[in-house]
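To keep things clear, I will list the structure first and then write my remarks on it.
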Amino acid sequence: MFNVPGTIIVTMLIAAAGPALAQQRPSIPSESVQPVPVPPYADYADLVIAAPLIVNATIRSTSRLKPVEAPDLAPGKARLYIEADVLTIIRGTDPLPPRIGYLLDVALDAKGRLPTLKKLHVLLFARPAGAGQIQLVRPDAQRGWTIGGEQLARRITGEVLAPTAPPTVTGIGHAFHTAGALPGEGETQIFLTTDTGRPVSLTIDRAADGARSWKVALSDIVDDSAGPPPRDTLLWYRLACSLPAALPESSLEGIEPADAAIARDDYVYVRRALGRCDRGGAL
């Protein structure tokens with residue numbers, strides 16, 4: 001049905017595009033540079049983690065499928081077969097042809113018309129589907145390209161593939177509180193469960209004057225010089241987007257009620273410090 005050209009390799013794409021792109025970018029005085037809008041970190045982290053293939057592409061053509069070819073289609077939507085020209089591959093281990101195809105469900109406007117997608121510059125979060133085809137990992141895994149979006153996708157990809165990447169947090173294990181030498185002093189430790197079994201723990205220190213600080217450890221040894229994870233990093237995402245709102249009662253079994261109350265309060269302190277898991281949609 002579709003004529004697919006020969007394959008190209010990521011390094012060839014980057015090498016070919018680099019000089020041309022450099023020539024097209026005019027020099028901009030530093031005082032006129034504006035901050036680059038960046039999509040919500042958690043939103044893109046969800047996509048990057050789910051997608052073994054991330055492609056920077058331009059839509060070349062669209063074809064609407066007949067209703068019989070899309071029996072599960074939601075009302076008010078149309079299913080399109082899209083062909084897109086590959087510009088660069090942000091994540092992926094195998095070659096891709098210069099042109100790829102995939103399915104996309106799109107919303108119709110009030111008059112039942114399709115959106116205009118031809119020539120649209122996009123980021124595709126997908127998995128290979130064979131013979132020059134890909135499959136989007138989610139219905140919203142086609143995102144309009146922005147420089148901020150591509151930079152964020154590349155950064156998260158690097159974090160996810162790093163040997164030191166933090167594991168996925170699956171729950172909370174045991175928690176306990178130990179009082180200090182002075183009234184009000186103490187330390188709460190909360191052990192987390194992970195998909196790999198790698199130890200992750202939270203430590204909250206209380207001073208006699210009521211001040212608190214906390215840190216996270218990714219091993220059995222707690223580094224006293226460590227601190228909270230910076231926002232919009234993979235470790236921050238693993239905690240902010242996985243931890244429950246409150247400490248489960250099962251994690252407090254066997255400890256004194258007064259210590260359990262402090263541990264609960266310290267956990268809420270950490271959750272507030274982490275902030276909201278920002279799945280706000282794409283820019």
Side-chain angles (χ1 to χ4, degrees), residues 1-18 20-21 39 43-109 112-147 149-158 160-161 279 281-283:
M1 178 178 178
F2 296 97
N3 186 18
V4 179
T7 59
I8 53 178
I9 299 177
V10 180
T11 52
M12 295 171 61
L13 284 167
I14 296 173
L21 289 174
D43 187 43
Y44 264 45
D46 289 344
L47 289 167
V48 170
I49 290 168
L53 179 64
I54 305 174
V55 183
N56 173 7
T58 301
I59 293 177
R60 185 178 184 88
S61 65
T62 64
S63 302
R64 185 172 183 175
L65 272 63
K66 298 176 181 178
V68 69
E69 297 174 303
D72 57 339
L73 191 64
K77 291 194 172 184
R79 183 162 297 164
L80 305 179
Y81 177 79
I82 294 179
E83 288 194 321
D85 293 328
V86 175
L87 301 177
T88 57
I89 301 174
I90 295 172
R91 181 180 186 183
T93 57
D94 296 325
L96 279 180
R99 190 168 300 156
I100 54 176
Y102 59 96
L103 297 175
L104 177 71
D105 290 355
V106 297
L108 303 172
D109 68 11
R113 294 175 299 195
L114 293 169
T116 301
L117 299 180
K118 189 175 181 180
K119 298 183 179 181
L120 184 66
H121 191 179
V122 293
L123 284 178
L124 305 172
F125 298 85
R127 59 180 65 91
Q133 307 297 301
I134 66 171
Q135 181 185 36
L136 299 179
V137 296
R138 285 186 353 202
D140 63 344
Q142 172 180 291
R143 300 299 176 97
W145 182 92
T146 65
I147 187 170
E150 177 168 343
Q151 289 174 347
L152 182 59
R154 288 184 180 277
R155 178 163 71 86
I156 297 173
T157 296
V160 169
L161 298 180
R279 291 183 171 101
L283 293 180

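Keep in mind that the numbers below use all heavy atoms, side chains included, and drop hydrogens, waters and symmetry copies.
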- Query: Do Arg99 side-chain atoms and Glu83 backbone N/O form a donor-acceptor pair below 3.5 Å?
  - Reply: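 No: the side chain of Arg99 does not pair with the backbone of Glu83.
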
[X] versus [Y], closest heavy-atom pair with distance:
X      : Y      : value
Gln135 : Ala129 : N-CB, 4.2 Å
Ala45  : Ile156 : N-CD1, 3.6 Å
Arg113 : Asp109 : N-OD1, 2.7 Å
Leu136 : Leu104 : CD1-CD1, 3.6 Å
Tyr44  : Gly149 : CE2-O, 3.3 Å
Ala126 : Ile134 : CB-CD1, 3.8 Å

Quick one: [atom1] on [X] to [atom2] on [Y], what's the gap to the nearest 0.5 Å?
X      : Y      : atom1 : atom2 : value
Thr146 : Leu152 : OG1   : CG    : 8.5 Å
Ile89  : Leu96  : CD1   : CG    : 4.0 Å
Arg138 : Asp46  : CZ    : CG    : 5.5 Å
Leu120 : Gln142 : CG    : CD    : 6.0 Å

- Listed once per pair and sorted, the salt bridge (charged side-chain N to carboxylate O under 4.0 Å, His left out) pairs that draw on residues 118-133, sequence neighbours left out: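 Non-adjacent pairs meeting salt bridge (charged side-chain N to carboxylate O under 4.0 Å, His left out): zero.
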
Could you go through residues 50-57 and list every donor-acceptor pair under 3.5 Å that involves a side-chain atom there, pairing it with any protein atom two or more places apart or in another chain?
| unit_1 | atom_1 | unit_2 | atom_2 | d |
| --- | --- | --- | --- | --- |
| Asn56 | OD1 | His121 | NE2 | 2.5 |
| Asn56 | ND2 | Thr88 | OG1 | 3.3 |
| Asn56 | ND2 | Glu150 | OE1 | 3.3 |

- Kindly determine whether Leu103 and Leu65 satisfy side chain to side chain contact (heavy atoms under 4.5 Å, CB included), including the steps that lead there. CA-CA 9 Å; Leu103 297 175; Leu65 272 63; 4.1 Å; yes

- Electrostatic pair Arg60:Asp85 at N-O distance under 4.0 angstrom: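 Between Asp85 and Arg60 there is a salt bridge, with a charged N closer than 4.0 Å to a carboxylate O.
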
I'd like to check [X] versus [Y] (side-chain heavy atoms, cut-off strictly below 4.5 Å). Are they in contact?
X      : Y      : answer
Thr62  : Val106 : no
Phe125 : Arg143 : yes
Gln133 : Tyr81  : yes
Leu123 : Leu47  : no

Pair up each side-chain donor or acceptor in residues 66-75 with any protein partner under 3.5 Å, not counting sequence neighbours, and list the distances.
| unit_1 | atom_1 | unit_2 | atom_2 | d |
| --- | --- | --- | --- | --- |
| Glu69 | OE1 | Lys66 | N | 2.8 |
| Asp72 | OD1 | Arg79 | NH1 | 2.9 |
| Asp72 | OD1 | Arg79 | NH2 | 3.2 |

